[in-house]
Student: 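Dumping the structure here so I can ask a few things about it.
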There are 2 protein chains.
Amino acid sequence: MSKHAKEMEILKEHLEKHQLKFTRQRELILDAFLKQEHITAEEMYHQLARKDPHLGLATIYRTLNLFCEAGLAQARHFGTQTQYDNVSHKGHHDHLICTGCGKIVEFENCDIERLQEEVATKNGFTITTHRLELYGLCTRCRH
Amino acid sequence: MSKHAKEMEILKEHLEKHQLKFTRQRELILDAFLKQEHITAEEMYHQLARKDPHLGLATIYRTLNLFCEAGLAQARHFGTQTQYDNVSHKGHHDHLICTGCGKIVEFENCDIERLQEEVATKNGFTITTHRLELYGLCTRCRH
DNA sequence: ATTCTTTTTGATATAGCTTATCAATTTCAA
DNA sequence: TTGAAATTGATAAGCTATATCAAAAAGAAT
């Protein structure tokens with residue numbers, strides 16, 4: 001049994017509900033995906049090339065998008081590429097992005113998360129995930 | 001004299017500092033850009049086609065990127081396209097998005113904004129803008 | 001296990017957005 | 001006015017992501 005049993009179950013439920021099939025590739029990609037906080041399709045393609053040299057890039061894209069629909073992943077457009085975030089990673093980190101040099105700093109702030117919950121509750125929402133990106137200039141680029 | 005004198009001045013200073021030139025196209029594009037909250041290069045291309053049918057798309061891209069370097073604009077990758085945000089536009093609202101029915105609720109929360117500033121300062125950043133999206137289920141979709 | 005229908009895959013073509021190239025033009029300081 | 005340097009416009013090229021489609025795999029029914 002895989003160590004990602006819970007997420008595998010979520011995937012299987014989603015597949016069943018939508019009359020989709022559980023394939024070797026989907027299992028392989030999910031396992032690899034859950035080991036990271038976030039990854040691009042291209043990166044995963046190279047990572048998995050060793051385990052399965054015939055795994056196609058299109059399959060990776062399709063599968064990562066499937067994960068998004070199943071609620072396991074979240075797509076984020078970063079620069080020219082799409083980052084797929086691992087939603088199960090609890091320490092959901094947010095990003096500080098320097099618009100000068102592109103530097104990215106990750107951070108976590110419980111107070112902000114608590115306030116987010118408040119806002120959601122006030123509007124009748126139950127949050128499953130969120131995205132927070134702060135854009136600005138880092139110390140070096142300000143000068 | 002244009003009604004965007006202040007921004008025009010910022011641009012001119014940036015040009016001077018980097019030994020770049022003030023051109024008819026740059027003036028035209030800045031004027032059009034400042035009239036909006038955000039715009040894509042393609043949209044601007046069509047907007048300006050009437051005023052100057054020979055204005056090239058590449059020039060628009062180059063110029064909008066120049067505005068980013070000058071601090072007047074900010075690129076944001078949305079789906080497959082790049083949105084160029086008008087930084088001078090202050091009123092920034094955030095979004096609550098229902099993953100069930102797609103409903104979007106706008107909100108504003110000063111406390112969250114204040115905490116964002118704190119985080120940024122702690123990391124040496126100066127924020128120019130941000131993006132906060134909360135994903136979840138609205139009251140109706142939860143049942 | 002075999003059959004059969006439906007989905008998925010892999011390879012590649014295609015689409016869509018952005019940048020690179022380069023000759024001709026424009027800017028601007030001397 | 002002149003001339004060096006930057007900019008422009010047109011288009012080619014680059015990149016990422018999706019569409020296409022024949023072949024393969026999954027899974028239910030037999």
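Only a predicted model underlies this, so the values are computations on that prediction, with no experimental measurement involved. Residue numbering restarts at 1 for every chain, and letters A, B, ... go by the order of the sequence lines.
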Student: Can a side-chain donor-acceptor contact be found between N65(B) and Y84(B) if the only test is distance below 3.5 angstrom?
Tutor: yes
Student: So, does the side chain of K21(B) form a donor-acceptor pair with the base of dA5(D) at under 3.5 Å?
Tutor: yes
Student: dT7(D) phosphate, OP1 or OP2: any side-chain N/O from R26(B) under 4.0 angstrom?
Tutor: yes
Student: Is a side-chain donor-acceptor pair under 3.5 Å present for Q74(A) with T129(A)?
Tutor: yes
Student: Side chain of F22(A) only, please: which of dG27(D), dG10(C), dT21(C) is the nearest?
Tutor: dG27(D)
Student: Whole-Å distance between dG16(C) P and H77(A) NE2?
Tutor: 16 Å
Student: Any side-chain N or O of Q25(A) under 4.0 Å from OP1/OP2 of dG10(C)?
Tutor: yes
Student: Would you mind telling me which residue lines up with the more 5' stretch of DNA chain C, L20(B) or Q81(B), judged by nearest nucleotide?
Tutor: Q81(B)
Student: Contact class for L57(A) (heavy atom, under 4.0 Å): base, sugar-phosphate, or nothing?
Tutor: nothing
Student: In whole angstrom, give the distance that lies between atom CD of E42(A) and atom P of dC15(D).
Tutor: 10 Å
Student: For a quick test of reading the model: is some side-chain N or O of T80(A) closer than 4.0 Å to OP1 or OP2 of dT18(C)?
Tutor: no
Student: At under 4.0 Å, does any side-chain N or O of T59(A) touch on OP1 or OP2 of dT8(C)?
Tutor: no
Student: Expressed in angstrom and rounded to an integer, what is the separation of L28(A) atom CG from dT8(C) atom P?
Tutor: 17 Å
Student: Nearest heavy atom decides the nucleotide; on that basis, is A58(B) or Q19(B) closer to the 5' end of DNA chain D?
Tutor: Q19(B)
Student: If you look at every strand shown and take non-hydrogen atoms under 4.0 Å, does T40(B) touch a base, only sugar-phosphate, or nothing?
Tutor: nothing
Student: Side-chain N or O of N65(B) versus OP1/OP2 of dT19(C): is the shortest distance under 4.0 Å?
Tutor: yes
Student: Looking only at side chains, do E43(A) and Q36(A) share a donor and an acceptor under 3.5 Å apart?
Tutor: no
Student: Expressed in angstrom and rounded to an integer, what is the separation of L55(B) atom CG from dT26(C) atom C1'?
Tutor: 15 Å
Student: ring-ring contact (aromatic ring centres under 6.0 Å, His included) with H18(A): which residues, sequence neighbours excluded?
Tutor: H14(A)
Student: Of the options dT18(C), dA11(C), dA25(D), whose atoms approach the side-chain atoms of H54(A) most closely?
Tutor: dA11(C)
Student: Under a plain distance cut-off of 3.5 Å, with no hydrogens placed, do E133(B) and H130(A) share a side-chain donor-acceptor pair?
Tutor: no
Student: Rounded to the Å, how far apart are K12(A) NZ and dT7(C) C1'?
Tutor: 17 Å
Student: Of all the nucleotides listed (dT8(C), dT21(C), dC17(C)), which has the minimum atom distance to the side chain of T23(A)?
Tutor: dT8(C)
Student: I want to verify a distance call: between dT18(C), dT7(D), dA10(D), whose nearest atom is closest to the Y61(B) side chain?
Tutor: dT18(C)
Student: Send over the distance from R62(A) CZ to dA24(D) C1', rounded to a whole Å.
Tutor: 13 Å
Student: Run the salt-bridge test on E118(B) and R114(B) with the 4.0 Å N-O cut-off and return the result as yes or no.
Tutor: yes
Student: Could you state the atom-to-atom distance from CG of D52(A) to C1' of dT8(C) in whole Å?
Tutor: 14 Å
Student: Nearest whole Å is fine: how far is dA17(D) C1' from E43(A) CD?
Tutor: 15 Å
